Amino acid sequence: MNKKQTGKKLLVDTIIELLKKEISLQEYNRYIKQLSFNEKLSKSDLVVFEVPNILVANWIKSKYSEKLAHLYEVKTGKKPKIEIKLKSKQKRGVKKEKILEIKKNVKKTILNPSFTFSSFVVGSSNQFAYTIAKSVSEKPGVVYNPVFIYGPTGLGKTHLIHAIGNNASEKGKVIIYATIEQFMNDFTYNLRNQSMDRFREKYRSCDILLIDDVQFLSNKIQTQEEFFHTFNELHNNGKQIILTSDKPPKMIAGLEERLKSRFEWGIKADITLPELETKIAIIKKKCEIDGIYLNNDIVNYIATNMGDNIREIESAIINLNAYASLMGQKITFDFAKNVMKEQIKERNANITLEDIINVISRELNIKPSEIKSKRRSKNIVEARRIGIYLARTLTPNSMPALASFFGMKDHTAVSHNMKKINEIIQNDENFKIRIDELKNMIISK
């Protein structure tokens with residue numbers, strides 16, 4: 001290697017280090033570390049990087065290439081073109097037509113390469129949706145069409161449709177992914193610029209169309225009209241359509257009946273709130289992927305205190321790890337509680353004593369009035385203790401306030417109950433799990 005090449009490599013290393021400071025450690029480890037500088041192909045106005053697969057190439061090109069070019073300009077005064085190529089070993093044996101098809105796919109859509117079926121944690125709350133998604137990615141346009149996946153925000157709908165796209169794109173299928181907002185923006189732009197042929201070519205020349213958040217089509221009459229014709233064109237040609245929403249088609253207000261009808265032609269799959277075991281598994285999977293170590297106590301604490309929004313849970317884990325890295329601190333249970341207390345406090349701000357009593361009453365089959373009574377039967381005493389414990393844990397109420405609410409003599413009675421239930425939790429793992437489940441139901445209410 002000559003001096004010029006050595007200097008070129010040193011410059012690249014400097015640029016990568018600058019970029020590393022501007023993005024999260026997870027982003028760097030997951031994507032940027034996979035960049036390999038190609039000195040032979042690079043020139044003064046062209047910097048060539050290689051990556052192991054098309055999904056990572058697609059993602060880096062869309063998210064980081066402009067930033068890399070800017071950092072080069074800052075360091076050298078010249079802004080080069082950044083080119084992301086597949087490593088040669090990935091191309092060997094691939095037909096020329098397939099490479100061209102992949103290039104066409106790269107230009108058309110952006111998929112998150114980390115959203116795969118292997119990184120999706122399956123539980124009873126999402127098993128059906130996962131199975132359907134896996135099936136259509138293997139046989140698009142054949143098994144179920146359209147597929148309509150619905151459920152509350154942050155439970156994995158976007159992950160699943162990206163997984164469909166990633167799996168199918170590896171088989172050479174042309175994928176279009178867009179949120180309904182992006183679809184509407186594209187429609188408005190092309191309508192204004194009298195280039196609707198270009199718009200229709202983009203959305204109708206694909207093997208699989210993935211559309212996120214179709215509930216936002218509500219009351220958008222012009223866009224609904226265009227989407228209706230796009231849907232018909234693709235469906236008539238045997239192309240796969242996958243849609244997501246926060247509610248089933250019939251419950252989307254402001255949506256034309258003819259669209260509701262078409263959305264129900266194929267199969268609907270809902271994703272419900274995850275049970276505690278699934279949340280724990282998701283947290284552990286996230287930690288495994290990102291190289292974060294959290295012991296079981298911390299994992300359980302996050303699962304039972306952070307609600308059901310998986311996106312929020314993953315964000316909390318990333319923030320916790322980033323804070324620990326900045327502080328040079330090992331993530332202990334006390335450290336995790338301290339870092340996350342404001343986030344959890346904010347989540348719990350709207351929990352009332354009535355919320356707690358109602359959940360306990362429903363789950364333990366005891367009337368709310370009995371929990372607050374002075375009756376001493378075993379099941380009522382246990383329910384009352386659980387109520388006191390959860391009220392003390394999840395709300396800012398003082399012990400005197402809780403004594404008044406539960407009809408007790410004074411705060412010493414509350415203190416005695418707290419001591420007793422803490423002893424049971426320490427000695428009875430099944431009881432502890434039951435308490436965690438009740439806490440999770442209250443937080444998710």
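Computed from a predicted structure; not experimentally measured.
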Visitor: Begin from the C-alpha positions of E363 and L438 and carry the test side-chain contact (heavy atoms from CB on, under 4.5 Å) through to its verdict.
Guide: CA-CA 8 Å; E363 294 301 315; L438 289 168; 3.7 Å; yes

Visitor: Should we say atom NE2 of H411 is surrounded by more than 12 heavy atoms from elsewhere, each under 6.0 Å from it?
Guide: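 No, the 6.0 Å shell around NE2 holds no more than 12 heavy atoms from other groups.
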
Visitor: Between the main-chain N or O of E233 and the side-chain N or O of N237, is there a donor-acceptor pair closer than 3.5 Å?
Guide: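 Looks like yes, one N/O pair under 3.5 Å.
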
Visitor: Check D212 with K157, please: is the shortest side-chain N to carboxylate O separation under 4.0 Å?
Guide: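 Looking at K157 and D212, the cut-off is not met.
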
Visitor: Of the non-hydrogen atoms in I175 and S169, which two are nearest, and what is the gap between them?
Guide: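 Looks like CG1-CB, 3.9 Å.
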
Visitor: Got more than 12 heavy atoms from elsewhere within 6.0 Å of CD, E73?
Guide: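 Yes - once you tally the heavy atoms of other residues, nucleotides and ligands closer than 6.0 Å, there are more than 12.
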
Visitor: Please determine whether the number of non-hydrogen atoms from other residues, nucleotides or ligands lying under 6.0 Å from atom NZ of K247 exceeds 12.
Guide: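 Count over threshold, so yes.
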
Visitor: I'd like to know whether N166 forms a side-chain contact (heavy atoms from CB on, under 4.5 Å) with N112, so could you lay out the CA-CA distance, the side-chain angles of the two residues, the decisive distance to 0.1 Å, and finally the verdict.
Guide: CA-CA 8 Å; N166 284 325; N112 188 330; 5.6 Å; no

Visitor: Any non-hydrogen side-chain atom of I15 less than 4.5 Å from a side-chain atom of E17?
Guide: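 I15 vs E17: side chains apart.
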
Visitor: Do W265 and P146 have side chains that approach each other closer than 4.5 Å (heavy atoms only, starting at C-beta)?
Guide: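 Counting from C-beta outward, W265 and P146 do come under 4.5 Å.
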
Visitor: For the residue pair L320 and L294, establish whether any side-chain heavy-atom pair is separated by less than 4.5 Å.
Guide: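 They are in contact (side-chain heavy atoms under 4.5 Å apart), so the answer is yes.
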
Visitor: Does a side-chain heavy-atom distance below 4.5 Å link T230 with R200?
Guide: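 No; the side chains remain at least 4.5 Å from each other.
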
Visitor: Please answer whether the main-chain N or O of I424 pairs with a side-chain N or O of D428 as donor and acceptor at a distance below 3.5 Å.
Guide: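 Pair absent, no side-chain N/O of D428 close to backbone of I424.
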
Visitor: Side chains of L217 and I252: does their closest heavy-atom pair fall under 4.5 Å?
Guide: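 Answer no - side chains too far apart.
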
Visitor: Examine the side chains of N193 and S195 and answer whether a donor and an acceptor come within less than 3.5 Å of each other.
Guide: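 No pair is found: no donor N or O on one side chain lies under 3.5 Å from an acceptor on the other.
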
Visitor: Taking the inter-plane angle between the rings of F115 and H159 on a 0 to 90° scale, is it parallel (under 30°), tilted (30 to 60°) or perpendicular (over 60°)?
Guide: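 F115 and H159: parallel rings.
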
Visitor: Looking only at side chains, do D334 and T332 share a donor and an acceptor under 3.5 Å apart?
Guide: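 No.
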
Visitor: Say you draw a straight line from CG of L234 to NZ of K239; how long is it, rounded to the nearest 0.5 Å?
Guide: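 So the gap between those two atoms works out to 8.5 Å.
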
Visitor: What is the minimum heavy-atom distance between I366 and A383, and which atoms define it?
Guide: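 Scanning both residues, the minimum pair turns out to be CD1-CB, 3.6 Å.
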
Visitor: Please answer whether the main-chain N or O of R375 pairs with a side-chain N or O of S373 as donor and acceptor at a distance below 3.5 Å.
Guide: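 A pair under 3.5 Å: yes.
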
Visitor: Just by distance, do the side chain of K134 and the backbone of F117 share a donor-acceptor pair under 3.5 Å?
Guide: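 Checking the backbone N and O of F117 against the side chain of K134, no donor-acceptor pair under 3.5 Å is found.
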
Visitor: Show your working on side-chain contact (heavy atoms from CB on, under 4.5 Å) between F148 and V214 and close with a plain yes or no.
Guide: CA-CA 10 Å; F148 194 99; V214 294; 3.8 Å; yes

Visitor: Taking everything shown except M251 itself, do over 12 heavy atoms lie less than 6.0 Å from its CE?
Guide: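 Count not over threshold, so no.
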
Visitor: Any donor-acceptor pair under 3.5 Å linking the side-chain atoms of H70 with those of E66?
Guide: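 Note: E66 and H70 side chains miss the donor-acceptor criterion.
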
Visitor: Donor-acceptor pair, N295 side chain versus I298 backbone, under 3.5 Å?
Guide: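 Yes: the side chain of N295 pairs with the backbone of I298.
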
Visitor: Might you point out which heavy atoms bring I331 and F335 nearest each other, and give the distance in Å?
Guide: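 Looks like CA-CD2, 4.1 Å.
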
Visitor: What class does the angle between the rings of F227 and F231 fall in, given that below 30° is parallel, 30 to 60° is tilted and above 60° is perpendicular?
Guide: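 Geometry flag for F231 against F227: tilted rings.
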
Visitor: Starting at CD1 of I84, measure out to CD1 of I82 and round the result to the nearest 0.5 Å.
Guide: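 Result: 7.0 Å between the selected atoms.
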
Visitor: Taking all non-hydrogen atoms of both residues into account, name the closest pair between L111 and G165 and its distance.
Guide: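 Scanning both residues, the minimum pair turns out to be CD1-C, 3.5 Å.
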
Visitor: Around atom CZ of R258, are there more than 12 heavy atoms from other residues, nucleotides or ligands closer than 6.0 Å?
Guide: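 Yes, CZ of R258 has more than 12 neighbouring heavy atoms, counting only those of other groups under 6.0 Å.
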
Visitor: Looking at CD1 of I421 and CZ of F431, how far apart are the two atoms once the value is rounded to the nearest 0.5 Å?
Guide: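 Separation between the atoms: 4.0 Å.
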
Visitor: Could you check whether E226 pairs with R204 (Lys NZ or Arg NE/NH1/NH2 to Asp/Glu carboxylate O, under 4.0 Å)?
Guide: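 Between R204 and E226 there is a salt bridge, with a charged N closer than 4.0 Å to a carboxylate O.
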
Visitor: To the closest 0.5 Å, what do you measure between OH (Y177) and CD1 (I161)?
Guide: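 Y177 atom OH to I161 atom CD1 measures 5.0 Å (nearest 0.5 Å).
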
Visitor: Answer yes or no on whether R262 is positioned over the face of F228, meaning its NZ or CZ is under 6.0 Å from the six-membered ring centre and within 45° of the axis.
Guide: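 No; the conditions do not both hold, so R262 does not lie above the ring face of F228.
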
Visitor: Is it the case that more than 12 heavy atoms not belonging to E181 sit under 6.0 Å from its CD atom?
Guide: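 Count not over threshold, so no.
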
Visitor: For the atom pair NZ (K202) and CD1 (I176), what is the distance rounded to the nearest 0.5 Å?
Guide: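 Those atoms lie 6.0 Å apart.
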
Visitor: Less than 3.5 Å apart, any donor N or O on the side chain of D355 or T352 sitting next to an acceptor on the other?
Guide: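 Looking only at side-chain atoms, T352 and D355 do form a donor-acceptor pair, the distance falling under 3.5 Å.
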
Visitor: Verify the distance criterion only: is there a donor paired with an acceptor across the side chains of S137 and N167 at less than 3.5 Å?
Guide: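 A pair is found: one side chain offers a donor N or O, the other an acceptor, under 3.5 Å apart.
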
Visitor: Using modelled atom types and a 3.5 Å cut-off, is there a donor and acceptor pairing between side-chain atoms of S261 and backbone atoms of E257?
Guide: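 Between the backbone of E257 and the side chain of S261 there is no qualifying donor-acceptor contact (under 3.5 Å).
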
Visitor: Heavy atoms only: give me the nearest A391-F406 pair and the separation to one decimal.
Guide: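 In this case the closest contact between A391 and F406 is CB-CE1, 4.4 Å.
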
Visitor: How many angstroms lie between CG in N319 and CD in E312, if you round to the nearest 0.5 Å?
Guide: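 Between atom CG of N319 and atom CD of E312 there are 11.5 Å.
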
Visitor: Judged by atom type as modelled, is there a donor-acceptor pair below 3.5 Å linking the side chain of E382 to the main-chain atoms of N379?
Guide: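 It does not hold such a pair.
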
Visitor: Counting only heavy atoms not in K260 (residues, nucleotides, ligands), do more than 12 fall under 6.0 Å from its NZ?
Guide: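 Yes, because the 6.0 Å sphere around NZ of K260 holds more than 12 heavy atoms from other groups.
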
Visitor: Just so I know, are the side chains of T272 and D270 near enough to count as touching, which here means a heavy-atom distance under 4.5 Å?
Guide: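 Contact flag for T272/D270 side chains = yes.
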
Visitor: Just wondering, are more than 12 heavy atoms of other shown residues or ligands nearer than 6.0 Å to OH in Y189?
Guide: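 Not buried by this count: 12 neighbours or fewer within 6.0 Å.
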
Visitor: Salt bridge check, R384 against E370: does any charged N sit closer than 4.0 Å to a carboxylate O?
Guide: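 Result for this pair is no, no salt bridge flagged.
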
Visitor: Compute whether any side-chain donor of one residue and acceptor of the other, for T116 and S119, lie under 3.5 angstrom apart.
Guide: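 Checked: T116/S119 side chains pair up, N/O donor to acceptor below 3.5 Å.
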
Visitor: Quick one: does D410's side chain have a donor or acceptor within less than 3.5 Å of a partner on M399's backbone?
Guide: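 A pair under 3.5 Å: no.
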
Visitor: Between S218 (side chain only) and A253 (backbone N and O only), is there a donor and an acceptor less than 3.5 Å apart?
Guide: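 It does hold such a pair.
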
Visitor: Indicate, with yes or no, if the rings of F187 and F183 have centres closer together than 6.0 Å.
Guide: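 Here the rings of F183 and F187 have centres that are no less than 6.0 Å from each other.
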
Visitor: When you check the gap from the basic side-chain N to the acidic O, do E314 and R311 get nearer than 4.0 Å?
Guide: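 A salt bridge is absent here (no side-chain N lies under 4.0 Å from a carboxylate O).
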
Visitor: If we only count heavy atoms from C-beta on, is the L243 to L209 side-chain gap below 4.5 Å?
Guide: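 Not touching, per the 4.5 Å side-chain cut-off.
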
Visitor: Would you verify whether the NZ or CZ of K372 falls within 45 degrees of the ring axis of F405 while also being under 6.0 Å from that six-membered ring's centre?
Guide: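 Satisfied, under 6.0 Å and within 45°.
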
Visitor: Just wondering, do L18 and V74 contact through their side chains at under 4.5 Å, heavy atoms?
Guide: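 Side-chain contact under 4.5 Å: no.
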
Visitor: Do side-chain atoms of E264 reach the backbone of P249 as a donor and acceptor pair under 3.5 angstrom?
Guide: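 Here the side-chain-to-backbone pair does not exist.
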
Visitor: Which atoms form the tightest heavy-atom contact between N300 and I280, and what is the distance?
Guide: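 The pair with the smallest heavy-atom distance is OD1-CD1, 3.2 Å.
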
Visitor: We want to know whether Q127 and T131 form a side-chain donor-acceptor pair, criterion being a heavy-atom distance below 3.5 angstrom.
Guide: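 There is such a pair (donor and acceptor under 3.5 Å, judged by atom type) between the side chains of Q127 and T131.
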
Visitor: side-chain contact (heavy atoms from CB on, under 4.5 Å) for K79 and Y72? Distances and angles first, verdict last.
Guide: CA-CA 6 Å; K79 188 175 182 178; Y72 265 95; over 6 Å; no

